[in-house]
Protein chains: 2
Amino acid sequence: MDTENRNETADDAEAGRPTLKTLAFMTGLGVTTVSRALKDAPEIGAETRRRVQLVAKQIGYRPNRAGVRLRTGKTNVISLVLDTEEQIGGFVSDMIYGISEALAATPYHLIVTPYSRNNDPLEPVRYVVETGSADGIIISRTEPDDKRVRYMTERGFPFATHGRTDMGLEHPYHDFDNHAFAAEAVRKLAALGRSRLALLAPPANLSYYHHMRNGFAEALADCGLAEVPFPAATVDHSIEQIRARTRELLRRKLRPDGIVSGAGASTFALVAGVEDEGLGIGTDLDIVSKQSSRLLHLLRPQLHVVNEDVRLAGSELARAVMGRIAGAPVASLQTLSTPTTVESYRPGIPPR
Amino acid sequence: MDTENRNETADDAEAGRPTLKTLAFMTGLGVTTVSRALKDAPEIGAETRRRVQLVAKQIGYRPNRAGVRLRTGKTNVISLVLDTEEQIGGFVSDMIYGISEALAATPYHLIVTPYSRNNDPLEPVRYVVETGSADGIIISRTEPDDKRVRYMTERGFPFATHGRTDMGLEHPYHDFDNHAFAAEAVRKLAALGRSRLALLAPPANLSYYHHMRNGFAEALADCGLAEVPFPAATVDHSIEQIRARTRELLRRKLRPDGIVSGAGASTFALVAGVEDEGLGIGTDLDIVSKQSSRLLHLLRPQLHVVNEDVRLAGSELARAVMGRIAGAPVASLQTLSTPTTVESYRPGIPPR
DNA sequence: CTATCAATCTGTAACGTTTCAGATTATTGT
DNA sequence: ACAATAATCTGAAACGTTACAGATTGATAG
């Protein structure tokens, strides 16, 4: 037998990164056999399998991603589609860390696909799907009737959304229970004896606007409290805008004595506006705010906060897309994160 | 001539995403010609070139990345190597936005390669280099004598660092001038009549620790001021730790009347510590802090701040790696960002 | 009129992987 | 002893791209 010339000469396997051919040469097997042995295919002898895998481990074989991708179409990439107009707040870092965490023990890589809020949000999604540059997509800023969700669903492209939709389509998602958050917040303010509440809400096109608004409205009704409308500002506005609008809000004849804020960074502006008007947090009015980074109690200890774990959201979303790719039932890929109870610190007493 | 059967039949070019073969079929040319026409190779007729490019644009041809990558080894990917233990502060978001901005008009994609600070920082770099999963790398948390820099330099692998090194190796970098920042900060405090200054510095292993420290020390000497040592805390410590250490610092017999803080998030903790001790910012002592998000003047208007544009850093770094990949001279890929002058707001007066 | 040359174009092979359709054994039943 | 079968293994082809080494044409020079 001409072992000498079975799979090219030894030279081929010499330099550079080991490939299947290298393994084939070293084991004396065919490249096909090696390929199958590595993925535990059934028709490979137990000993051969072990032998191949041993050698592969020894020489540190890593499948060439381009080869796999070209042949199979599988990219082993998850794309995080990001709005780069995102306001201050660092929300995104945690999300990325969370995703990375979930991807760490898998062959998946994370690729960031940016878009500007001013452009069509469908554009980056279409790009990824059309060019097949990822196996799955994670999107945020989800809308009740979301073009992107429809697009990907129609094409059977795996994805998970940060936030739910409301269009009769089942798909993987992770969401923070903003309904519960707002309701909790209102009840807290009620317990504090506040009665005229305002809500600094998300922009009205996003899904969680409705959740938060409904939770707010329901709890308001439950507790018999009144709303002071505050439609002029959303958590998407700039710090300066929110600050200015807050001042206007507080100059009304019937100003609120309690505010629920949907985002940590916005609360910075809110507080500034309140104090610009010579009012005191915890005295003239109370604020309950959601936050993702734990800075608010350092801003003003009198603030009441509810923590949103965005890192967790990232992990969950990554798990969800991977689940979808692997064909898991969608129902098992939908998670809702329940807000913690409202945390309050007594002024002057540092938290544990 | 058997045009009928030149490059397979029409069927091949029918379904799915267009490839070079599709274009070859449509134009009646060979696949090689099409490939060259698209990249403006010299030996292609002017008309042919135009014709091919027109058709390509019309049908929305996009080169298959896996094909290119397999054939040429070029990935068209930049890897951002990230420490996922990063403290609060959202620093990373801006960096990513900046990089995305610079990559937007290029064929490059951004991939995030995470690592835990507890593990070997060389590990993710080695992974990328060994598997060839990117054409270039961006790293941060640069050290004066940086293993990663040495590793990549030895292998001729393109990279850019956020922060400079000091090991006699030329390489692309972007850095914020922390020396100038610290010096500016000290001068500001001197001008405010402060005389005993402390520095909340970065961890001592990082390059910019030395820059900041030296700037601090030099300006201190220039102004004839004294230092109150504060080695117990760094900007990498947790909020709680910094807060506690700050309290200890302020309980010393000779406490500082001015503090320079190297990071925005740390300043939150610093302020809390100061106020825990019953001292007032702007009265008992002044603080000059660096910040990347513009929240500090909302925390306490009395704070003096210098802004670091991390988004810009991201763009510059991306440009630098791409330059390196394209073979630009290293000297042209080293940028230093000069700090703005110290911004101060008078209490109660909202900033423009 | 032929040889040379430049200008265009072309097919083949290769990158590393997986799938397909066998080929080679060894094992079994009769 | 022989065919049938199961258990292993195998080469060739293909994914889409680019580099290499020509082929074809028309024009130019001798």
Side-chain angles (χ1 to χ4, degrees), chain A residues 1-3 5-9 11-13 15-25 27-52 56 59 61-76 107 131-133, chain B residues 1-3 5-9 11-13 15-25 27-52 56 59 61-76 107 131-133:
Chain A
M1 287 66 194
D2 57 343
T3 312
N5 207 0
R6 270 181 110 184
N7 300 304
E8 308 297 326
T9 65
D11 307 352
D12 261 45
R17 206 148 84 85
T19 72
L20 286 183
K21 210 198 277 185
T22 318
L23 287 180
F25 177 76
T27 57
L29 295 164
V31 74
T32 303
T33 310
V34 173
S35 172
R36 310 184 97 147
L38 287 176
K39 49 174 55 70
D40 291 315
E43 63 266 82
I44 299 295
E47 175 173 336
T48 305
R49 190 202 321 284
R50 259 181 302 131
R51 199 156 61 87
V52 170
I59 67 174
Y61 167 77
R62 305 261 197 173
N64 180 308
R65 306 190 121 233
V68 175
R69 181 165 167 178
L70 180 58
R71 177 65 234 239
T72 65
K74 178 129 219 264
T75 63
N76 284 306
T131 65
S133 52
Chain B
M1 290 69 194
D2 57 342
T3 313
N5 207 359
R6 269 181 110 184
N7 300 304
E8 307 298 324
T9 65
D11 308 349
D12 260 46
R17 208 149 83 85
T19 72
L20 286 182
K21 209 198 276 185
T22 318
L23 287 179
F25 177 76
T27 56
L29 296 164
V31 74
T32 302
T33 311
V34 173
S35 172
R36 310 186 94 146
L38 287 177
K39 48 174 53 72
D40 290 315
E43 62 266 84
I44 299 293
E47 175 173 336
T48 306
R49 192 203 318 287
R50 260 181 302 130
R51 200 157 60 87
V52 170
I59 67 173
Y61 167 77
R62 305 262 198 172
N64 180 308
R65 305 190 121 232
V68 175
R69 182 166 167 176
L70 181 57
R71 178 64 234 240
T72 65
K74 177 131 219 261
T75 64
N76 284 306
T131 65
S133 54

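It should be emphasised that the depicted structure is a prediction, and the values quoted were computed from it without experimental measurement. All chains are named by letter (A, B, ...) in the order of the sequence lines, taking the proteins before the strands, and each is independently numbered beginning at 1.
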Upstream residue (5' side of DNA chain D) when T48(A) and T32(B) are each assigned their closest nucleotide: T48(A)

Selection from dG11(C), dC15(C), dT17(D) that lies nearest to any side-chain heavy atom of P63(B): dT17(D)

Nearest-nucleotide pick for T19(B), side chain only, options being dC9(C), dT12(C), dT17(D): dT17(D)

Spacing of L20(A) atom CG relative to dA14(C) atom C1', expressed in whole Å: 16 Å

Value in whole Å for how far the C1' atom of dT17(D) lies from CZ of R17(B): 12 Å

Side-chain-base donor-acceptor pair under 3.5 Å for R71(A) and dT17(C): no

Short side-chain N/O contact to dT18(D) OP1/OP2 from S35(B), under 4.0 Å: yes

Whole-Å distance separating the NZ atom of K74(A) from the P atom of dT19(C): 12 Å

Candidate nucleotides dG11(C), dT17(D), dT19(C), ranked by approach to the side chain of N64(B) - the nearest: dT17(D)

Nearest-angstrom distance from the residue atom CG of L70(A) to P of dA14(C): 16 Å

Candidates dA12(D), dT12(C), dT18(C) - which lies nearest the side chain of V68(A): dT18(C)

More than 12 heavy atoms from other groups under 6.0 Å of CD on E43(B): yes

Heavy-atom pair of closest approach, residues A24(A) and G30(A): CB-C, 4.0 Å

Distance, rounded to the nearest Å, where I44(B) contributes CD1 and dT8(C) contributes P: 9 Å

Distance, rounded to the nearest Å, where R69(B) contributes CZ and dG16(C) contributes C1': 12 Å

Y61(A) side-chain proximity, nearest of dT10(C), dT17(C), dC9(D): dT17(C)

Quiz item: T72(B) side-chain donor-acceptor pair to dA19(D) base, under 3.5 Å: no

Any N/O donor-acceptor pair, R36(A) side-chain to dT10(D) base, under 3.5 Å: yes

Check: R49(B) side chain, I44(B) main-chain N or O, donor-acceptor pair, under 3.5 Å: yes

Value in whole Å for how far the P atom of dT17(D) lies from CZ of R65(A): 20 Å

Atom of R65(A), atom of T75(A) and distance for their closest heavy-atom approach: NH1-O, 3.5 Å

Nearest-angstrom distance from the residue atom CG of L29(B) to P of dT18(D): 16 Å

Options dT18(D), dC15(C), dT17(D), nucleotide nearest the side-chain atoms of K21(A): dC15(C)

Nearest to side-chain heavy atoms of E43(A), which nucleotide of dT17(D), dT8(D), dG16(C): dT8(D)

Heavy atoms of other groups near R51(B) CZ, more than 12 under 6.0 Å: yes

